[in-house]
Protein chains: 2
Amino acid sequence: MVTRLSDDETDAVFRALADPTRRDILRRAIRQEQSISALAERYEMSFAAVQKHVAVLERAAIIEKQRRGKEQIVRARLETLARATELLGEFEALWRERTLRIEELLADPADPASETTPTRPTEKGHP
Amino acid sequence: MVTRLSDDETDAVFRALADPTRRDILRRAIRQEQSISALAERYEMSFAAVQKHVAVLERAAIIEKQRRGKEQIVRARLETLARATELLGEFEALWRERTLRIEELLADPADPASETTPTRPTEKGHP
DNA sequence: CTAACGTACAACCAAATGGTTACACGACTC
DNA sequence: GAGTCGTGTAACCATTTGGTTGTACGTTAG
């Protein structure tokens with residue numbers, strides 16, 4: 001983890017990923033760095049439209065562009081994706097925290113240091 | 001993994017996560033199931049606005065509602081988040097595939113299986 | 001029964017999105 | 001220098017989004 005995504009950055013990342021064309025562009029860019037026009041050839045839409053999608057991915061720091069001659073080479077920034085993954089992981093961590101709390105309650109029905117009391121741990125459902 | 005998210009489902013999930021209010025609602029719902037109005041109290045905006053956010057999360061299958069008396073209880077669906085995490089993992093898998101390919105090329109400078117024919121495997125694009 | 005509560009939904013509005021076409025610009029090719 | 005290729009950007013349009021207010025409806029409390 002480097003800096004942790006701010007709210008705005010997180011918005012941008014998830015919004016950028018919420019479009020099938022952009023996810024596809026990202027996949028291609030991951031498999032092989034390539035120019036915007038090379039990417040644009042693969043899609044039905046206009047060059048300008050593809051360029052806009054690339055711009056959205058770039059603003060989200062999911063890809064970066066690098067000039068090479070007259071071309072602009074698109075490459076993926078995997079760290080940003082990793083940070084998004086971490087963020088999703090935080091939700092799952094919250095869930096684990098919660099089940100922990102619940103187990104504590106079931107373990108200590110009214111007794112904070114484990115004593116007597118035949119506590120039946122009536123397990124509730126889990127996902 | 002259960003069914004794997006379709007393109008439309010993926011759109012919905014990432015779009016739903018691309019809003020700070022909705023992420024916050026999700027966190028609260030994960031920590032503790034609660035009614036829509038209980039959630040709505042926490043935010044500046046109108047009840048209807050919060051209700052819309054909940055609807056977006058529900059359409060994305062990130063949360064589900066369950067009637068309890070006159071209240072509608074919101075609970076998180078962690079499996080959907082898990083599938084989103086898998087999806088991000090696929091991007092990283094693509095990256096690993098790629099580095100693998102590159103290493104192979106470096107290892108076999110011009111020799112795919114130690115045989116004749118100096119065929120230069122000048123990799124073109126992929127489908 | 002009536003009142004209040006929690007929810008749903010419609011109509012409306014401003015702003016953002018995803019697409020288009022058209023045009024300007026920089027960098028190679030000839 | 002002229003032309004072309006790859007990019008960037010602007011203007012425009014339809015649709016979606018995120019918010020508002022208002023209204024209706026089922027359920028629980030008195």
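Any value given below was found using the heavy atoms of this structure, including those in side chains, with hydrogens, waters and symmetry copies removed. We name chains A, B, ... by the order of the sequence lines, and we start the count at 1 in each one.
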For this session: Please name the pair of heavy atoms, one in A/Ile62 and one in A/Ala16, separated by the smallest distance, quoted to 0.1 Å.
Result: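 Taking every non-hydrogen atom into account, CD1-CB, 3.8 Å.
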Problem set entry | Which atom of B/Arg98 lies closest to which atom of A/Arg31, heavy atoms considered |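 Reported closest heavy-atom pair: CG-O, 3.3 Å.
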Rounded interatomic separation in angstrom, taking [atom1] from [X] and [atom2] from [N]:
X: B/Leu17; N: D/dG18; atom1: CG; atom2: C1'; result: 17 Å
X: A/Gln72; N: D/dC5; atom1: CD; atom2: C1'; result: 14 Å
X: A/Asp11; N: D/dG18; atom1: CG; atom2: C1'; result: 13 Å
X: A/His53; N: C/dT17; atom1: NE2; atom2: P; result: 12 Å
X: A/Phe47; N: C/dG18; atom1: CZ; atom2: P; result: 18 Å
X: A/Ile25; N: C/dG18; atom1: CD1; atom2: P; result: 11 Å
X: B/Lys52; N: C/dC13; atom1: NZ; atom2: P; result: 13 Å
X: A/Leu57; N: C/dT17; atom1: CG; atom2: P; result: 13 Å

For this session: Take A/Ile73 and B/Arg59, find for each the nucleotide of DNA chain D with the closest heavy atom, and name the residue whose nucleotide sits nearer the 5' end.
Result: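 Nearer the 5' end of the strand: A/Ile73.
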Exercise. Can you get from A/Leu57 to A/Tyr43 by hopping between Ile, Leu, Val, Met, Phe, Trp and Tyr side chains that sit under 4.5 Å apart?
Worked result: yes
For this session: Return the residues of residues 32-46 of chain B meeting this criterion: a heavy atom under 4.0 Å from some atom of DNA chain D. Order them by number, or give none.
Result: B/Met45, B/Ser46
Exercise. Does B/Glu58 pair with B/Lys65 as a salt bridge, N-O distance under 4.0 Å?
Worked result: yes
Problem set entry | CZ (B/Arg67) with more than 12 external heavy atoms under 6.0 Å |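 More than 12 within 6.0 Å, yes.
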Given [options], identify the nucleotide with an atom nearest to the side chain of [X].
X: B/Lys70; options: D/dT20, C/dT20, D/dT27; result: D/dT27
X: B/Ala48; options: D/dA11, D/dG18, D/dT21; result: D/dT21
X: A/Gln51; options: D/dG19, D/dG18, D/dG8; result: D/dG8

Exercise. Quick one: is C/dG26 close enough that its OP1 or OP2 comes under 4.0 Å of any side-chain N or O from A/Arg68?
Worked result: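 Checking C/dG26 against A/Arg68, no side-chain N or O comes under 4.0 Å of OP1 or OP2.
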Exercise. Distance-only, no hydrogens or angles: does the A/Arg75 side chain make a donor-acceptor pair with backbone N or O of A/Gln32 under 3.5 Å?
Worked result: no
Exercise. Is A/Gln51 reaching over with its side chain to a backbone N or O of A/Ala49, donor-acceptor style, under 3.5 angstrom?
Worked result: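 No, because the side chain of A/Gln51 does not come within donor-acceptor range (under 3.5 Å) of the backbone of A/Ala49.
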Problem set entry | Of A/Arg15 and A/Arg67, the one whose closest DNA chain C nucleotide lies more 5' | A/Arg15
